[in-house]
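This structure is a prediction, so every number in the text was calculated from the model and none was measured. We name chains A, B, ... by the order of the sequence lines, and we start the count at 1 in each one. Computed over heavy atoms, backbone and side chain alike; hydrogens, waters and symmetry mates excluded.
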Number of protein chains: 2
Amino acid sequence: MDLDLRKVRYFVAVAEHLNFGRAAEALHIAQPVLSRQIRALETELKVQLFDRSSKGTTLTPAGLRLLEDARPLLTQASALLRRVGVADTFTVGFMPGLIVTPAVRLLASRHPGLQVDVLRTTWEDQVEVIHDGRVDVSYVRLPVPLDGLRHVPLFDEPRVAVVPATHRLAGKESVLEVDLTGERRVQHTDPPGFRSVEEKLEHVAMHGGVAILPLSTAIFYSREDLVHVPIEDIAPNEVALAWAEHRHTPLIAEFIEIAQQV
Amino acid sequence: MDLDLRKVRYFVAVAEHLNFGRAAEALHIAQPVLSRQIRALETELKVQLFDRSSKGTTLTPAGLRLLEDARPLLTQASALLRRVGVADTFTVGFMPGLIVTPAVRLLASRHPGLQVDVLRTTWEDQVEVIHDGRVDVSYVRLPVPLDGLRHVPLFDEPRVAVVPATHRLAGKESVLEVDLTGERRVQHTDPPGFRSVEEKLEHVAMHGGVAILPLSTAIFYSREDLVHVPIEDIAPNEVALAWAEHRHTPLIAEFIEIAQQV
DNA sequence: CCAGGTCCATACCTTCAGGGTATCGCGGAC
DNA sequence: GTCCGCGATACCCTGAAGGTATGGACCTGG
C-alpha cells in the first residue's frame, strides 16, 4: 500500500554495490535480511529488480527505472527531515562572488521573527543543496542540471581572464578568446581540478596560466598579484535563482520577486 | 531513521480534517491508532505538529511547514509506484455527458491510497479502452459490441432533438419522430461523420439540421443558440457499465455495486 | 447544574513484519 | 575434487501497528 522508504533505501544500496553481502554490510544489517527485504520489495512492486547469479548481481531494466525514481525520492524525504523542526528559517544559497545581501536583508525586514540564513555553495554542490533542503532557494551559475528544479534567470555577466600581474596580457583593455591560445587554462573540470576559486587563483599566481571567471567572481577574489581582463567574444555567464520544483511556499515566491527586482 | 510514509499519509489526513476521528474514518483505521501514530511521528521528529483540545485540533507552525513538504513527497512516492507499473490505480471511463463523480468519489473514499482516475471516451473508443486496459470499467451508451465484455444496464434516458433556437420545432414541449422527416440529421455515423459532440452541435448551429442526442449529453453541451426537444416515440438511450469479461477483481465488483446504487 | 455529546488519550490484547543466527545450494577457480 | 564466494532458506525473537473498551476533559441544552 504505502511505499516503504526503508526498502527503497536498501534497494538503492544493492543497486550501487551490485552485491548483497557488501550492501548489507554498508547498511549494517545481516545479508539474509537484505535478501528478504529486496525480495519483498519485488513482490510488492510485482517487478523483478535484479538478476541474481552466484557470480554477480545486475539491475534489470525495471530496476534501473526504479533507481532513477528512488534516488530523488530519498533525497526529498531527507530534505523533509532536515527542514522539519528547524525553527522558522529561510536559507539562501549563493555561488561565490554573487552579492545576496540586499535581497536577504529585504526579506528579513519584511518578516521579523524569520531567521534568514545564507549558505555559500560551490560549483559541485550548488544543485545538491537545493535538493537536499539545505537551502530554500539558491543563486546558481548556469548551466546546471535542472531536473527537479525551477529557475528564473536574473542577469548575465561577462567573463574575464585572470592572469598574473606580470603576464603579457595584463594591462590590456580587453582580449579575444583567440588571444588565449597557447595559455594553460586553469579549470575546475574533473580529475585533478581545483575545488575552490581560491585554489585556482593560487595556482595561477604560482605557476602561471589563465583562469576564466565571471566578472563578479574575479572582483570578489581579487588579489594584488593578479589582474583580470574582459574577454569580449566569450558567452557571458548566466546567473539564475533556482528552487525545488515541488516546493511552493509563499516565502519562496516572495524571494523570487525580490531577487528579480534587486 | 527512515521516514515512514504511512505516518506521513496519516499526518496529512489529520491536517486536512483537523479532526482525529473523521481522519481515522477516512483512513479506515480506528481513532486511537491514529492518535498513537501521530504522537509517534511527533516523537520521531521531535516536533509538535498539532495543538489538540477537546474543542478542536489545529496545526502548529511546524505542522504547517511539514504539510508543505509532506504533500509533494507523497505525490512523488505515488508517481514512483505508478511508473514502476504497480500503481494502485483504478480508472473509470465514461461517455460525454455522464456524471461519474459520485461513484468515483465513493470508491476513492472507501480505498484510501487507491488512485482513482477517470477517462472520457468517445463513441468510437468506448469499447476499445476497456479491452486495451486503459480503463477498468466504463460507462457506455448502448448499443456497443459486447464481445469479450460483461455489462450491467444502469438506466435509460430519453433522446432529444437538438435544433437551432430559431428552428420551427424550437419551443415545442415534445415532438414525434415523424416530425423530423425532411430534416437533415447530423450523425456521427462513419465516413464523413463528426468526431465529437461539439462538432456536431457546431454544425447544427452553423448549417441547421437536427442532432439526436441522449438528454444528459444535450444538457451537458447546451449552448445559447441551440435548444433541445424530447422525442417521444424513439427508443431511449441505454447507459450501462461495462468491463472486460476476463477480469474479475474485487475493485471492479465493488464499483459495479456502487454504480448500481448511485 | 447535570446529562449527554464530542473528542482525544490510555490500557490492553493480537498479529505480523523486520531483525538476528545457522545453514544450505550453486558455481567458478585452483 | 575441494574450497570459496554469494545468495537463499529455515527458524526464532522483538517490537510496531492494528483492534476494542474505556477514561477524562470540555462544551451545550434543558
In numerical order, the residues of residues 37-49 of chain B whose heavy atoms come under 4.0 Å of DNA chain D are Gln37(B)
*For dA17(C), does either OP1 or OP2 sit under 4.0 Å from a side-chain N or O belonging to Lys7(A)?*
no
Ignoring backbone atoms, establish whether Arg52(B) has a side-chain N or O less than 4.0 Å from OP1 or OP2 of dA9(C).
yes
The nucleotide from dG20(C), dG7(D), dG18(C) with an atom nearest the side chain of Arg6(A) is dG18(C)
Item to complete: Please work out if Asp4(B) contacts a base, only the sugar-phosphate, or nothing of the nucleic acid, heavy-atom cut-off 4.0 Å.
Response: sugar-phosphate
note: Glu25(A), atom CD; dG5(D), atom C1'; distance rounded to Å ~ 14 Å
Hits for salt bridge (charged side-chain N to carboxylate O under 4.0 Å, His left out) against Arg150(A), two or more places apart or cross-chain, chain-then-number order -> none
Rounded to whole Å, the CG-C1' distance (Leu34(B) to dG18(D)) equals 12 Å
Notebook entry, point to check: Would you call Leu213(B) and His228(B) a side-chain contact if the rule is heavy atoms closer than 4.5 Å?
Noted result: no
Side chains of Thr75(B) and His246(A) in contact at under 4.5 Å (non-hydrogen atoms): no
Sorted by chain and residue number, the ring pair (Phe, Tyr, Trp, His ring centres under 6.0 Å) partners of Tyr139(B) (sequence neighbours excluded) come out as none
| message | Quick check: do Leu149(B) and Asp147(B) have side-chain heavy atoms less than 4.5 Å from each other? | response | no
Is there a side-chain contact between Phe20(B) and Thr57(B) (heavy atoms, below 4.5 Å)? yes
Heavy-atom side-chain proximity of Leu146(B) to Val144(B) below 4.5 angstrom:
yes
Any Ser35(B) side-chain nitrogen or oxygen under 4.0 Å from OP1 or OP2 of dC8(C)
no
In whole angstroms, the gap separating C1' of dA10(D) from CD of Gln31(A) amounts to 14 Å
Hey, what are the protein-to-nucleotides 12-14 of chain C N/O distances that come in under 3.5 Å?
none

Ordered by number, residues from residues 13-20 of chain A within less than 4.0 Å of DNA chain D (heavy atoms) are Asn19(A), Phe20(A)
- [ ] Verify, without hydrogens or angle tests, whether Glu238(B) (side chain) and Asp156(B) (backbone) share a donor-acceptor contact under 3.5 angstrom.
- [x] no
- request: Determine yes or no for a side-chain-to-main-chain donor-acceptor pair under 3.5 angstrom, with Ser138(A) supplying the side chain and Val140(A) the backbone.
  value: no
Contacts of Arg22(B) and Pro32(B) projected onto DNA chain C by closest heavy atom; the upstream (5') one is Arg22(B)
**Report entry** Arg247(A) bridged to Asp136(A) by N-O distance under 4.0 Å
**Finding:** yes
Taken to the nearest whole Å, CG/Leu27(B) to C1'/dA17(D) is 14 Å
Checklist entry - Quick one: is Thr57(B) getting a side-chain N or O under 4.0 Å of the dC8(C) phosphate, OP1 or OP2? => result yes
*Would you check if Leu3(A) and Leu80(B) make a side-chain contact, meaning some heavy-atom pair closer than 4.5 Å?*
yes
Across all chains, not counting sequence neighbours, the ring pair (Phe, Tyr, Trp, His ring centres under 6.0 Å) partners of Tyr221(B) are none
>> Counting the atoms with a prime plus P, OP1 and OP2 as sugar-phosphate, which does Tyr10(A) contact under 4.0 Å by heavy atoms, base, sugar-phosphate, or nothing?
In response: sugar-phosphate
Between CG of Asp2(B) and C1' of dA16(D) the distance, given in whole Å, is 15 Å
